[in-house]
Amino acid sequence: MSKPSSNKPYPVTLSHEGEIPGVQVVGFHGEVDAGDTPARRAAILVDAEGWLVRILPFSDAPEREPGEERPARIRLERGPLRVDAEGPLPGVGTRLGPWPARLGYTVVLLGQTELRAAARLAAHAPADESGPTRLIQWLAQGRPAPAPEWTAQLNGLVAWYCPEREAHALWLSILREARLAALQSFGGSPQLLEEAAWWLSRTALSDDDLYLSAACLKHAGSPHAEAMLQAMMETPPAPGELQKRMTEQLLFLDAEARLASRPEEGTGPGASQPLDVELSRTRSRVRQGALIQAR
C-alpha cells in the first residue's frame, strides 16, 4: 500500500446519471451492528487503480442549466492508501459492492428492527418515490432474489446505496412507524416500550422525537433517558429544561394512550366532534398543563 505518485486533485466529468467514471464503491465507513439501526454511512470510493479517493467541489465549474440537479464536473483527490480487491478494508470499514459510484449517493443500513417491521413500513412508503417503495416491498416479501439494484445483505444487515433524496424518504417511513410503535407500546410491557424508545431515538430527525423517545425510556424504567438526550442532541439543554420537556412528552403519551383506549367516537349519527379535533384540543390542554407543572 505505497503512496500514489501524485495526489493532486484532478477533474472528472460526470455521466448524465451522475455516475463518476472509473470510481467504484467498495464499502462504507465504520461498522454497524444489526441491532443498532437504521443507520447511514458514507461510501468508501476507489479509483480504477484501487486508490482511495474523495470528492471535491469544482471551483470553476460552469453555471448549471435551469432544473439541473448536479454539477457536470467534480474533482477527485487520491488518498495515501490502496485497497486490495479482496480482504479487509484499511482502517475501520465494511466491504460491499463493488458498485459504480454516483455523486450525491449514500449508504442506508437496515437491521433486525426494520426487517421485522417491513410489512408495516409499506403503509408509510412514499407514493412519489419508487426506490424506497420497491425496497420496502422487497423487504416485506422476505427479500427474494433478485435483490433491488445496489442492495447487499451482510451480517444481518441490508445495505442500500441510493440518492440522498431517497434515503431521506425511506428514513421518514421508518420514523413514522417508530413513532407509532412508541405510542402503541406506552402503557404495555416496559421491555417493548424501551425497545421502541431506542428505535425512535435512532430514527429521530428532530428534538421532539428525541424528547418523545426519552419520555418512553423514563416511563419504561430505563435509567438512560437523560444520558441519551445529552449524547444525541447537538446542544444539550439545561437540566431544568430537559426535565420540563420530558414531563410534557409524558403527559402527551398518557393523553394519547387514554384516547386510543376509548371506544371510537365521531363516526355515528349525531356525532359532534371528530376524534382528531378532540385530540388536538387535548394536546393543547396537556401542553399548558405541562408548562404550568414544570415551572
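Computed from a prediction, not measured in an experiment: that's the story for all the values here.
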Student check: side-chain heavy atoms of V32 and R41 closer than 4.5 Å: yes

Distance (rounded to the nearest 0.5 Å) between K218 NZ and E194 CD: 13.0 Å

Nonpolar side-chain network containing V92, other nodes, edges under 4.5 Å: none

Nearest-0.5 Å distance that lies between atom CG in L45 and atom CZ in R78: 14.0 Å

Donor + acceptor pair across side chains of T37, E114 (<3.5 Å): yes

Joint cluster assignment, L172 & L110, ILVMFWY side-chain distance < 4.5 Å: no

Short side-chain to backbone donor-acceptor contact, W199 and T113, under 3.5 Å: no

Test side-chain hydrogen bond (donor to acceptor under 3.5 Å, both in side chains) applied to R54 - qualifying residues, sequence neighbours left out: E77

Short side-chain to backbone donor-acceptor contact, D84 and E86, under 3.5 Å: no

Atom of A159, atom of L96 and distance for their closest heavy-atom approach: CB-CD2, 3.7 Å

Distance-minimising heavy-atom pair for L210 and S201: CD2-O, 4.0 Å

Euclidean distance, W198 CH2 relative to S213 OG, rounded to 0.5 Å: 7.0 Å

Reported CG-to-OG1 distance for the pair L170 and T133, which is rounded to 0.5 angstrom: 9.5 Å

Interatomic spacing from CG in L200 to OH in Y211 - rounded to 0.5 Å: 14.0 Å

Main-chain N/O of L115 paired with R143 side-chain donor or acceptor, under 3.5 Å: no

Sub-4.5 Å side-chain heavy-atom contact between P100 and Q24: no

Within 6.0 angstrom of D208 CG, more than 12 heavy atoms from elsewhere: yes

Min side-chain heavy-atom separation E166-V108 under 4.5 Å: no

P98 side chain reached by V25 side chain, heavy atoms, under 4.5 Å: no

S185 side chain vs A182 backbone, donor-acceptor pair below 3.5 Å: no

Test item: D209 side-chain N/O and L205 main-chain N/O as donor-acceptor pair under 3.5 Å: yes

Within-4.5 Å side-chain heavy-atom neighbours: V26 and W99: no

More than 12 heavy atoms of other groups within 6.0 Å of Q191 CD: no

Distance in Å, R134 CZ paired with W160 CH2, rounded so as to fall on 0.5 Å steps: 8.0 Å

P144 backbone acceptor or donor facing W138 side chain under 3.5 Å: yes

Fellow cluster residues of L192, listed by chain then number, with links counted only when side-chain atoms sit under 4.5 Å apart: none

